[in-house]
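Read through the structure below, which is laid out as structure tokens, and then see the notes.
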Number of protein chains: 4
Amino acid sequence: MPPIAPTRAATGADLRQSILDEARRLLIDVGYPKLSMRKIADGVGCSATSIYLHFESKDTLIHALIGEGMRSLFGALQAADPAGDPVGRLAALSRAYVDFGLDNPELYEVMFQLHPERMARFPAEDYRRARRNLDLFEDVLASGAEASVLDAEPTPEVAAHALWTSLHGLVSLRLAERIDVRLAADAFTDAALARTVRAFRA
Amino acid sequence: MPPIAPTRAATGADLRQSILDEARRLLIDVGYPKLSMRKIADGVGCSATSIYLHFESKDTLIHALIGEGMRSLFGALQAADPAGDPVGRLAALSRAYVDFGLDNPELYEVMFQLHPERMARFPAEDYRRARRNLDLFEDVLASGAEASVLDAEPTPEVAAHALWTSLHGLVSLRLAERIDVRLAADAFTDAALARTVRAFRA
Amino acid sequence: MPPIAPTRAATGADLRQSILDEARRLLIDVGYPKLSMRKIADGVGCSATSIYLHFESKDTLIHALIGEGMRSLFGALQAADPAGDPVGRLAALSRAYVDFGLDNPELYEVMFQLHPERMARFPAEDYRRARRNLDLFEDVLASGAEASVLDAEPTPEVAAHALWTSLHGLVSLRLAERIDVRLAADAFTDAALARTVRAFRA
Amino acid sequence: MPPIAPTRAATGADLRQSILDEARRLLIDVGYPKLSMRKIADGVGCSATSIYLHFESKDTLIHALIGEGMRSLFGALQAADPAGDPVGRLAALSRAYVDFGLDNPELYEVMFQLHPERMARFPAEDYRRARRNLDLFEDVLASGAEASVLDAEPTPEVAAHALWTSLHGLVSLRLAERIDVRLAADAFTDAALARTVRAFRA
DNA sequence: AATGAATGAGGATTCATTCAT
DNA sequence: CATGAATGAATCCTCATTCAT
């Protein structure tokens with residue numbers, strides 16, 4: 001009846017992270033619809049109950065995962081941001097965004113394709129964090145517009161969303177493997193990306 | 001003892017269609033993740049078992065739904081195609097594509113966001129049908145390029161895919177309700193759409 | 001994956017009854033709070049899922065049990081009704097009521113101590129059936145009052161409820177084993193019963 | 001690292017009382033079947049584990065609650081006891097008993113409807129305490145019998161139990177909301193109570 | 001005296017599917 | 001062509017309790 005020993009893997013505060021790691025791994029492995037608390041527990045080597053010590057519910061866990069993903073995406077964008085010339089920044093950021101999506105397929109989908117109605121409310125704080133990513137693009141567009149090298153019409157905010165739209169579509173269709181196999185995937189990605197960025201030149 | 005009478009709804013070949021109709025309806029009603037054979041059967045007024053007389057499995061049924069959706073999208077695109085000026089055609093087709101997505105949210109997601117790897121093989125025939133939709137865009141781009149009013153670089157095929165990518169991103173983010181609420185959804189859609197189409201002008 | 005053979009016990013329409021029987025048995029064995037679908041299924045030798053073919057939910061099953069109990073109680077009362085002298089009838093019915101309760105302890109509690117708020121709505125039809133039992137007492141009291149041998153003040157309906165109240169209290173405390181052990185249970189029951197009935201003599 | 005500070009509520013012996021208070025409160029709030037250690041702990045602002053420092057088990061806690069309830073009931077009866085005329089005393093005590101039950105619905109049920117067999121042994125001390133309440137009725141009946149104004153046949157003890165039986169039945173059915181809604185609940189209670197008391201007049 | 005972390009057992013219910021008829 | 005009966009596996013989550021600290 002009582003626990004005999006710290007079963008196998010992480011314990012304490014580490015467990016929380018282990019759970020997130022395993023959840024992320026499983027997301028890629030089996031996909032969101034088949035992600036279950038039991039599988040996560042089995043994966044980390046703890047009991048399903050233990051998960052509830054660290055996450056209120058499955059939704060909360062997913063939220064945490066999304067939050068993590070948003071932070072991670074932000075980091076990737078910042079790391080890729082060359083600073084300086086807005087045009088170059090825009091290209092670099094766009095590329096980094098797409099790469100992030102292609103490198104974290106299921107995580108990306110959970111981050112951007114999950115319906116809010118199907119999940120408990122996303123905490124406001126996490127929402128703000130998600131927003132920061134777009135702000136990055138908005139900033140670049142705004143400064144590029146000021147320097148007359150980028151077209152941020154009608155407003156940098158709208159333009160940033162429009163740009164995002166194109167990048168997301170590219171990632172999304174590639175992840176869903178809907179791009180014709182006869183098109184070399186990487187070459188196509190390059191072409192589409194170039195086109196998208198070009199469309200925002202002044 | 002044999003069944004007494006065809007319970008309520010259609011029988012024979014009709015039943016197949018009734019099942020598809022109900023599945024499509026339920027898709028909107030309860031969403032893909034909660035779509036179940038039983039619910040479909042209850043909705044049509046037949047037994048769950050009967051569905052298996054017409055569809056090998058749930059996957060097969062979903063495939064049929066996708067095929068239907070693809071045909072339906074093709075119809076919508078054709079109906080919206082004004083013929084004549086390639087630039088006008090491109091705008092009209094793009095708009096029609098986006099409208100179809102926004103008008104059939106759940107169906108659209110099943111059509112374009114479902115992972116093929118997690119479903120039984122998508123039949124080649126259906127694949128071809130899906131392809132036709134893109135061909136429409138490709139044709140327009142090709143003829144526009146020939147008339148030097150559209151930019152179909154590097155090839156019409158790639159350009160068509162790139163265009164599709166943008167349109168899909170727009171639909172996808174709107175369906176996932178990820179567009180900032182402060183942006184009027186319809187106005188934003190118009191703006192993004194205009195921008196996308198403009199990017200393909202020569 | 002598929003069923004191999006009609007596992008063990010009843011099948012078909014019989015299964016429904018077997019489930020009810022087992023549920024009734026378990027009620028006595030482990031009590032209402034620990035009654036679970038799984039245990040019932042194990043008891044009858046079918047899968048937990050199968051129960052849902054016959055009962056919509058646990059509540060529905062309990063309702064069915066209550067309905068059965070009410071019918072059964074009604075039968076017991078009728079069988080014990082000697083006809084004729086209202087005083088004798090009242091005594092016989094009262095005794096039969098108490099005996100029924102003592103003979104079906106858990107069933108009795110589910111029938112009369114379960115909080116309606118804690119269960120889905122009790123179907124109207126079953127409600128009427130429950131009512132019939134009281135009507136029997138009401139009839140006897142009314143006819144006894146007419147013959148001036150019983151006191152049905154202020155009205156037969158109220159008097160019947162008041163009588164019921166006493167009988168139920170007797171059953172309830174005996175079932176909860178709250179009657180002092182130094183009092184011989186049966187002798188006490190006789191005494192209390194006699195007193196109750198006497199209180200309704202004119 | 002040791003606990004930093006007594007979190008919020010009481011500590012030491014006070015905590016015991018806080019736990020009982022919260023348990024009683026929760027009993028009304030969520031009902032016995034959904035009463036859980038965790039909920040109690042959350043309510044008091046202590047850890048679930050801490051409860052076990054003061055109560056051996058959930059059963060023990062419930063026992064304590066029952067004991068408290070019995071004391072409380074005893075207080076209510078004593079407070080209502082007018083002294084003097086046995087007939088008046090009997091009426092007053094009976095009314096007080098019923099009121100106590102109706103005013104503390106969930107507690108009353110735990111006190112008188114819980115099956116001892118399904119709980120760890122009820123400590124003898126608590127048993128004695130429960131007994132005192134009945135003794136009160138027994139005394140009144142005995143003195144009333146001596147004064148030939150009450151009927152305590154066959155013995156005051158048995159008569160007290162019989163009286164209790166009726167009072168309990170009244171409370172129990174009212175708590176379970178089994179009294180026909182067409183009967184005004186309070187009026188009916190008055191009528192049934194009057195009848196019960198009258199039945200013990202000499 | 002008090003805690004945080006952990007657990008195994010169990011809760012009701014839904015699912016896609018299959019069998020014999 | 002159609003069915004009703006049945007199933008095992010899976011779902012999220014809650015429970016009372018215990019351990020080391």
Side-chain angles (χ1 to χ4, degrees), chain A residues 1-7 11-13 15-16 33-39 41 46-54 56-59 61, chain B residues 1-7 11-13 15-16 34-41 46-54 56-59 61, chain C residues 1-7 11-16 33-41 46-54 56-59 61, chain D residues 1-7 10-13 15-16 34-41 46-59 61:
Chain A
M1 270 172 201
I4 309 222
T7 336
T11 293
L15 181 53
R16 193 194 140 94
K34 294 206 171 171
L35 180 66
S36 87
M37 299 302 252
R38 281 229 270 256
K39 277 178 198 147
C46 76
S47 81
T49 317
S50 294
I51 300 185
Y52 288 89
L53 288 175
H54 298 276
E56 230 174 50
S57 67
K58 196 186 175 186
D59 273 0
L61 198 164
Chain B
M1 238 166 278
I4 315 246
T7 338
T11 297
L15 181 52
R16 195 193 137 91
K34 295 203 172 171
L35 182 67
S36 86
M37 298 302 252
R38 215 153 44 208
K39 278 178 197 147
I40 298 174
C46 76
S47 80
T49 317
S50 294
I51 300 185
Y52 287 86
L53 294 172
H54 298 276
E56 221 176 58
S57 69
K58 196 188 178 186
D59 276 0
L61 196 164
Chain C
M1 269 172 203
I4 309 224
T7 338
T11 294
D14 289 344
L15 182 52
R16 193 193 140 93
K34 295 205 170 171
L35 180 66
S36 86
M37 299 302 252
R38 283 225 274 247
K39 277 178 197 147
I40 298 174
C46 75
S47 79
T49 316
S50 293
I51 300 183
Y52 287 86
L53 288 174
H54 299 276
E56 231 174 49
S57 66
K58 196 187 175 186
D59 274 0
L61 197 164
Chain D
M1 237 166 280
I4 314 249
T7 338
T11 298
L15 181 52
R16 195 193 136 93
K34 295 203 172 171
L35 182 67
S36 87
M37 298 301 252
R38 216 152 44 205
K39 277 179 197 147
I40 298 173
C46 76
S47 81
T49 319
S50 296
I51 300 185
Y52 287 87
L53 293 174
H54 298 276
F55 302 94
E56 218 176 62
S57 68
K58 196 187 178 188
D59 276 0
L61 197 164

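First the proteins, then the strands, lettered A, B, ... as listed; each starts at 1. These values consider heavy atoms only, across backbone and side chains, with no hydrogens, waters or symmetry-generated copies.
Taking each heavy atom of D:R16 and D:H54 in turn, the nearest pair found is NH1-O, 3.7 Å. The nearest pair of heavy atoms linking D:I51 to D:M37 is CD1-O, 3.5 Å. Residues C:K34 and C:K39 come closest through the heavy atom pair O-NZ, 2.9 Å.
Between B:I40 atom CD1 and E:dC15 atom C1' there is a gap of 12 Å when expressed in whole angstrom units. Between the CG atom of C:D59 and the C1' atom of E:dA12 there is a distance of 11 Å, given to the nearest Å. Across the protein-nucleic acid pair, B:K34 atom NZ and F:dA10 atom P stand 21 Å apart, rounded to whole Å. What separates CE of C:M37 from P of E:dA9 is a distance of 23 Å, to the nearest Å. As rounded to whole Å, 14 Å separates atom C1' of F:dT17 from atom CG of D:L61.
The B:H54 side chain lies nearest to F:dA2 when the options are E:dC15, F:dA2, E:dT7. Nearest nucleotide to the side chain of D:S36, out of F:dT7, E:dC15, F:dC15: F:dC15. Nearest nucleotide to the side chain of B:R38, out of F:dT17, E:dA16, E:dT13: E:dA16.
In this structure, C:K39 does not reach the E:dG10 phosphate: none of its side-chain N or O atoms is under 4.0 Å from OP1 or OP2. Look at A:S47 and you'll find a side-chain N or O under 4.0 angstrom from OP1 or OP2 of E:dT7.
The line from CG of C:L15 to CG of C:L53 is 8.0 Å long, rounded to the nearest 0.5 Å.
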Intra- and inter-strand pairing of DNA chain F, written as dot-bracket with Watson-Crick and G-U pairs under 3.5 Å and | for the latter, reads .||||||||||||||||||||
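Qualifying side chain to side chain contact (heavy atoms under 4.5 Å, CB included) partners for A:T49, counting only residues two or more places apart in sequence or in other chains: A:S47. Under the side-chain hydrogen bond (donor to acceptor under 3.5 Å, both in side chains) criterion, C:S36 pairs with no residue, sequence neighbours left out.
Among the atoms of the strands shown, only primed sugar atoms or phosphate atoms (P, OP1, OP2) are found under 4.0 Å from some heavy atom of C:L35.
Between the side chain of B:T49 and the base of F:dG4, at least one donor-acceptor pair of N or O atoms lies under 3.5 Å.
Between A:L53 and B:Y52, the residue anchored nearer the 5' end of DNA chain E, judged by the nucleotide with its closest heavy atom, is A:L53. Mapped onto DNA chain E by nearest heavy atom, A:I51 and C:K58 fall at different nucleotides, with A:I51 at the one closer to the 5' end.
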